[in-house]
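Worksheet for the structure shown next.
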Number of protein chains: 2
Amino acid sequence: MSKLVQQQDLEFLLNTVFSAEALTQYERYADYDQEAFTSVLDTARRIAETHFLPHNAKADAHEPQFDGEHVTTIPEVKTAWQHYAESGLLSARHGYADGGMQLPALISMACNAYFMAANPATAAYPFLTSAAANVIHAFAAEAQKHAFLEPMFSGRFAGTMALTEPDVGSSLGDLTTKATPHDDGSYRLKGQKMYISGGDQDITENIVHLVLARIEGAPAGVKGISMFIVPKFLVDEQGQCTERNDVKLAGLLHKMGYRGTTSTVLSFGEQGACVGYLVGEAGHGLSYMFKMMNEARVGVGLGAAMIGYRGYLESLAYAKDRPQGRRATNRDPATKPVAIIEHADVRRMLLQQKAYVEGSLALCLLAARLVDEHEAGGNAESGILLDLLTPVVKSYPSFYGPRANDLAIQVLGGAGYIREYPVEQCYRDNRLNPIHEGTHGIQGLDLLGRKLWQHEGKGLKLLLERIQVTLNAATKHSELRETVALYQSALKPFMTTTVELGQSLLSGKAEETLANASVYLDIMGKYVVGWLWLEMASKALEQDDLAAEFVQGKLQAARYFMRWELPEAELHLKRLQAGDDTFLATKPEWL
Amino acid sequence: MSKLVQQQDLEFLLNTVFSAEALTQYERYADYDQEAFTSVLDTARRIAETHFLPHNAKADAHEPQFDGEHVTTIPEVKTAWQHYAESGLLSARHGYADGGMQLPALISMACNAYFMAANPATAAYPFLTSAAANVIHAFAAEAQKHAFLEPMFSGRFAGTMALTEPDVGSSLGDLTTKATPHDDGSYRLKGQKMYISGGDQDITENIVHLVLARIEGAPAGVKGISMFIVPKFLVDEQGQCTERNDVKLAGLLHKMGYRGTTSTVLSFGEQGACVGYLVGEAGHGLSYMFKMMNEARVGVGLGAAMIGYRGYLESLAYAKDRPQGRRATNRDPATKPVAIIEHADVRRMLLQQKAYVEGSLALCLLAARLVDEHEAGGNAESGILLDLLTPVVKSYPSFYGPRANDLAIQVLGGAGYIREYPVEQCYRDNRLNPIHEGTHGIQGLDLLGRKLWQHEGKGLKLLLERIQVTLNAATKHSELRETVALYQSALKPFMTTTVELGQSLLSGKAEETLANASVYLDIMGKYVVGWLWLEMASKALEQDDLAAEFVQGKLQAARYFMRWELPEAELHLKRLQAGDDTFLATKPEWL
């Protein structure tokens with residue numbers, strides 16, 4: 001059995017729940033068929049298992065070193081990068097004309113799942129590079145693409161996104177890095193960026209930083225922000241690296257997990273000679289970055305889901321293998337101990353994990369399916385729904401993936417707490433996910449303050465329509481009677497309260513309403529993932545060729561979700577409906 | 001302000017909530033007064049701040065090394081140990097006749113709180129030694145006490161508890177370490193123990209292991225377990241260390257946190273020459289160990305509470321200091337950013353932490369107060385209540401302390417995730433607490449399967465009586481009207497369901513009932529800590545000399561607890577009352 005994902009589950013999600021093959025009806029994907037998808041997925045899995053998984057713990061134990069001049073990573077990272085680059089996955093989503101594979105987002109997401117489960121820290125380098133390349137592809141001038149995009153696709157150059165500054169954090173509108181126009185049409189940048197993942201390394205020939213900065217005289221706030229390409233080495237017209245640009249690694253940060261990925265403080269223009277190239281139009285930097293950011297947010301969700309999934313599989317294997325204790329009804333010490341999975345409390349911890357991680361993976365694949373429907377299928381509604389769901393896709397796995405890893409540790413007990421077993425690293429790695437690419441708090445504000453009300457609330461309407469389709473199908477299965485009923489009865493307060501929160505915002509009560517935005521984010525996550533559990537259970541029942549245990553597992557996880565998870569969302573809804581002001585009313589001096 | 005605990009809070013708990021001074025009415029504590037307590041506490045705090053806190057991060061970054069022969073810890077650990085030993089705290093709770101200080105458990109617990117907040121890994125050495133010494137004091141023969149107790153009290157020898165074996169884990173009844181009688185009245189031990197904290201180190205001259213083993217021919221299960229003193233070095237009649245005993249460090253385990261404490265695999269009797277001395281009577285080993293274990297469990301609760309508390313204070317200071325973003329109603333980027341504590345969502349994360357950690361500390365101090373009432377005051381009922389509450393005192397802080405640390409990381413954002421700031425270490429350290437000295441699952445079984453029904457359920461009756469006293473007092477305060485009402489209305493289902501669970505057990509449905517024991521443990525924790533919040537809020541209102549902000553903080557945390565925490569317990573109760581069998585019914589092959 002693969003250590004990365006339950007193969008049967010992934011196939012079920014791709015083929016049955018999200019109908020991968022139907023994507024081949026889109027012209028862009030017309031060259032693909034089921035077999036071709038499988039072939040790409042097999043390649044990804046092989047590379048993940050062969051070149052990413054084996055050094056996951058080693059890269060954690062031997063984090064990148066900085067001697068004041070150069071960064072050194074363990075050599076396995078570079079080898080993994082090379083295999084990844086050679087596979088063509090760095091540009092897999094792009095068109096044939098750009099040297100890409102025109103791979104559907106859904107299949108690409110599933111490929112990424114293998115890498116995230118195998119080694120999220122090493123996977124960060126190619127994933128960040130793909131994301132940066134996508135921005136350049138979408139917004140940069142032809143000459144810029146020529147200079148930077150091809151070498152990023154081929155793996156010669158890596159990419160980063162350089163937003164955060166030491167004094168600014170999540171409040172991007174306040175960033176202060178300056179860009180001064182230069183005679184040759186380029187700019188000179190000056191400022192400092194922090195927490196830049198992959199900001200320096202010894203893996204690639206060059207690094208292409210996408211830097212947000214403010215051109216001299218630009219207005220305050222987000223409207224004054226522009227995007228610049230700032231390469232580590234300048235590049236000549238033949239695409240060769242020449243002199244070192246004035247970007248300096250000020251230092252490495254030492255993370256709790258994700259240690260294999262360098263986290264850097266970068267100084268731009270200490271010598272006054274940091275060359276940057278404006279991307280697209282001045283003042284549009286943040287909107288360009290959000291193209292990348294939204295993809296990155298879904299990517300964070302996937303990482304969280306898969307680190308959670310990995311922990312689930314490890315703890316499941318341990319629980320089936322480890323004998324300890326006896327059933328509550330057997331007090332005879334002369335009998336043999338049972339495997340710990342025989343204890344209901346251990347099954348609780350496994351079932352909870354299953355509900356979190358399989359639900360999270362389904363959520364991320366849904367997001368990818370929506371990308372395909374929108375971009376390749378031209379379905380604008382799918383794009384609107386994706387916009388609405390992006391904060392949830394980022395946050396739900398980021399919150400419950402670490403919870404799953406917490407339970408995985410507990411299943412292993414003492415073994416779970418030591419580095420001799422892999423689950424403690426999952427726990428540490430996964431803790432980054434509720435922070436980077438926009439914290440939970442930021443996602444909550446984005447969802448409740450903005451996304452819900454865009455397009456006149458159409459996203460929510462589309463979501464509810466899809467939920468209704470699932471309910472209609474699920475109602476036909478007697479095995480799902482209780483599960484459907486629980487979800488259905490919980491749906492009404494969700495809709496009512498959401499509408500009321502919208503009215504409250506309209507009436508100018510921004511502060512009161514948004515005070516509980518993080519709580520609303522959690523509610524929404526539970527409803528969306530609850531819906532997906534209903535969908536999975538329903539589809540599993542309709543599929544003839546699935547193993548009975550697999551179907552029962554999906555049913556039981558769906559039952560668990562409605563009995564144990566959804567009621568917490570209902571409880572939260574009651575608080576929000578009652579206008580709970582506990583946090584808003586708390587004065588700083590009371591703490 | 002102290003980084004270890006809010007001084008005003010600790011004083012409030014000791015003096016107002018738990019009436020420390022009233023303890024001086026007991027003969028054993030008659031020499032003390034308020035000033036003397038303060039003096040002891042000041043000494044503990046000074047040592048914790050001066051000799052424990054400064055190397056907390058260093059001991060984490062430079063964990064103990066084993067070269068195959070010797071273990072090396074950083075020298076600061078030994079210095080800290082010496083200062084602790086010189087202070088007399090190792091025997092502080094013991095009588096004058098034994099060289100102790102006859103310090104009340106309540107004050108001793110408060111002293112320990114400083115050390116746990118400052119450096120839980122280094123504090124483990126003296127705490128384990130005290131616990132082991134207590135067992136020897138209670139059950140060992142005079143000659144054994146003479147040989148081992150005095151040097152443990154003075155800090156020459158350290159102590160450990162060696163229960164767990166590699167193949168046995170939590171199921172102590174299955175342990176296989178063997179003890180063979182020897183002509184001279186001693187025994188020869190043979191077996192392996194795992195996860196033994198402090199099992200080897202370079203801090204003390206000698207280490208006294210309390211080892212559970214099975215004398216040849218002993219019955220299977222717990223009744224066949226005896227306790228042995230197994231010193232690292234044998235000791236002559238003058239109390240001097242002589243030859244090395246046949247206890248070998250097989251290896252160190254590498255923990256996620258608590259790295260400063262060695263976690264060891266120990267081999268006893270590889271050469272067939274491991275000398276052990278039977279403590280007390282054969283076959284009583286587990287009950288002796290439980291004397292130590294119950295203290296250790298309360299100690300684990302305290303550690304979890306204080307690591308949580310430390311994280312709370314760090315994140316609170318950060319939130320007050322760090323400017324970022326603006327209020328939801330202010331969209332003008334030209335205005336200055338506010339401190340992040342001005343954001344309601346940050347206050348949410350701080351208030352939750354406050355509720356968890358101050359509640360947890362109160363819980364641990366309550367346990368200590370009960371020890372004093374029982375042991376020095378001769379109040380048997382306090383002993384019964386302590387017995388009932390011990391699994392809760394161990395588990396509630398162990399579950400919610402790490403949750404608090406999770407929130408502390410989130411308050412700091414990116415800074416929370418890097419080792420350049422202290423909260424990620426708190427998160428790692430605290431994750432041990434739901435595991436060691438009996439996992440959550442074990443505590444749940446202990447509570448629901450045993451403790452509730454001992455003494456014909458008297459413990460619960462005593463708890464409810466105390467709760468009623470608090471409710472009667474709290475009802476008088478109009479500020480607490482809502483808080484009291486919420487708690488009071490939640491109390492009835494708690495009682496009803498608990499009785500029903502008892503009946504279910506009596507009717508032979510052990511497996512069905514105990515399947516949700518961990519959930520019941522969480523419920524009980526919320527009711528007990530909810531009660532303590534009511535008590536704290538009520539007492540704060542009655543006290544004239546407290547700062548208004550302090551009182552408001554207690555009130556608000558109590559409100560938060562009843563509005564946000566207690567309803568989750570009520571939800572769980574509904575499931576238990578309905579006989580939810582989700583986990584029991586889940587078949588291993590479905591996972």
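Sequence lines set the chain letters: A, B, ... in the order given, protein chains first and strands last, and positions in each chain run from 1. Since the model is a prediction, treat every value here as computed from it, not as a measurement.
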**Residues B/Arg347, B/Gln352; criterion side-chain hydrogen bond (donor to acceptor under 3.5 Å, both in side chains); working and verdict** = CA-CA 8 Å; B/Arg347 292 203 297 282; B/Gln352 269 185 275; over 6 Å; no
**Message:** Set out, in order, the CA-CA distance, both residues' side-chain angles and the distance that settles side chain to side chain contact (heavy atoms under 4.5 Å, CB included) for A/Asp345 and B/Phe583, then state yes or no.
**Reply:** CA-CA 7 Å; A/Asp345 194 50; B/Phe583 310 122; over 6 Å; no
**Request:** Could you walk me through whether B/Ser315 and B/Leu350 pass side chain to side chain contact (heavy atoms under 4.5 Å, CB included), step by step?
**Result:** CA-CA 8 Å; B/Ser315 64; B/Leu350 294 168; 3.5 Å; yes
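A salt bridge links A/Arg563 and A/Glu482; the closest N-O separation between the charged side-chain nitrogens and carboxylate oxygens is under 4.0 Å.
Of the two parts of B/Phe550, neither the backbone nor the side chain holds a non-hydrogen atom closer than 4.5 Å to a non-hydrogen atom of chain A. No part of B/Leu172 comes within reach of chain A, as not one of its non-hydrogen atoms sits under 4.5 angstrom from that chain. Heavy atoms closer than 4.5 Å to chain A are found in the side chain of B/Arg575, but not in its backbone. With a threshold of 4.5 angstrom between heavy atoms, B/Leu505 does not approach chain A through any atom at all. Of the two parts of B/Arg428, the backbone and the side chain both hold a non-hydrogen atom closer than 4.5 Å to a non-hydrogen atom of chain A. For B/Asp406, the parts lying under 4.5 angstrom from a heavy atom of chain A are both the backbone and the side chain. Both the backbone and the side chain of B/Tyr258 come within contact range of chain A, with heavy atoms under 4.5 Å apart. Proximity to chain A is absent for every atom of B/Ala517, based on heavy atoms less than 4.5 angstrom apart. Both the backbone and the side chain of B/Leu432 come within contact range of chain A, each with at least one heavy atom under 4.5 Å from a heavy atom of that chain. For chain A, the nearby part of B/Glu342 is the side chain; its heavy atoms alone come within less than 4.5 Å. Looking at B/Pro323, the atoms closer than 4.5 Å to chain A (heavy atoms on both sides) all sit in the backbone: N, CA, C or O. For A/Ala415, the parts sitting under 4.5 Å from any heavy atom of chain B are the backbone and the side chain alike. Residue B/His254 touches chain A through both its backbone and its side chain, counting heavy-atom pairs closer than 4.5 Å.
With chain A as the partner, the residue from B/Thr329, B/Asp580, B/Val551 showing the most heavy-atom pairs under 4.5 Å is B/Asp580. Put simply, of A/Ala548, A/Ser518, A/Gly441, the one with the most heavy-atom pairs under 4.5 Å next to chain B is A/Ser518. When each of B/Gln410, B/Met349, B/Lys223 is scored by its heavy-atom pairs under 4.5 Å with chain A, the top score falls to B/Gln410. Between chain B and the residues A/Val346, A/Val519, A/Val222, the largest count of heavy-atom pairs under 4.5 Å involves A/Val519. The choice from A/Gly449, A/Pro434, A/Gly508, A/Ala334 that makes the most heavy-atom pairs within less than 4.5 Å of chain B is A/Pro434. Taking B/Gly257, B/Ala578, B/Pro337, B/Pro402 one by one and counting their heavy-atom pairs under 4.5 Å with chain A, the maximum is reached by B/Gly257. Ranked by non-hydrogen atom pairs under 4.5 Å with chain B, the options A/Arg348, A/Lys320, A/Glu424 are led by A/Arg348. Here A/Leu571 is the residue among A/Asp581, A/Leu571, A/Asp332, A/Asn516 with the most heavy-atom pairs under 4.5 Å with chain B. Annotation: maximal heavy-atom pairing with chain B below 4.5 Å, among A/Tyr427, A/Tyr560, A/Tyr421, occurs at A/Tyr427.
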Kindly list each side-chain donor-acceptor pair under 3.5 angstrom involving residues 584-591 of chain A, sequence neighbours excluded, with atom names and distances?
from, atom 1, to, atom 2, distance (Å)
A/Thr586, OG1, A/Thr582, O, 2.6
A/Thr586, OG1, B/Gln556, NE2, 3.2

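Side chain of A/Glu358 to backbone of A/Lys554: no donor-acceptor contact under 3.5 angstrom is found. Under a 3.5 Å cut-off, the side chain of A/Ser171 and the backbone N or O of A/Val168 do not form any donor-acceptor pair. Under the 3.5 Å distance criterion, the side-chain polar atoms of B/Arg326 are left unmatched by any main-chain donor or acceptor of B/Val338. Between the side chain of B/Arg419 and the backbone N or O of A/Lys255 there is at least one donor-acceptor pair closer than 3.5 Å.
Between A/Trp564 and B/His572, the angle of the ring planes lies from 30° to 60°, which puts this pair in the tilted group.
Atom OH of B/Tyr318 sits in a crowded spot, with more than 12 heavy atoms from other residues, nucleotides or ligands closer than 6.0 Å.
Under the ring pair (Phe, Tyr, Trp, His ring centres under 6.0 Å) criterion, A/Phe399 pairs with A/His440, sequence neighbours left out.
For the pair B/Ile418/A/Tyr195, a side-chain contact is recorded, criterion being any heavy-atom separation below 4.5 Å from C-beta on.
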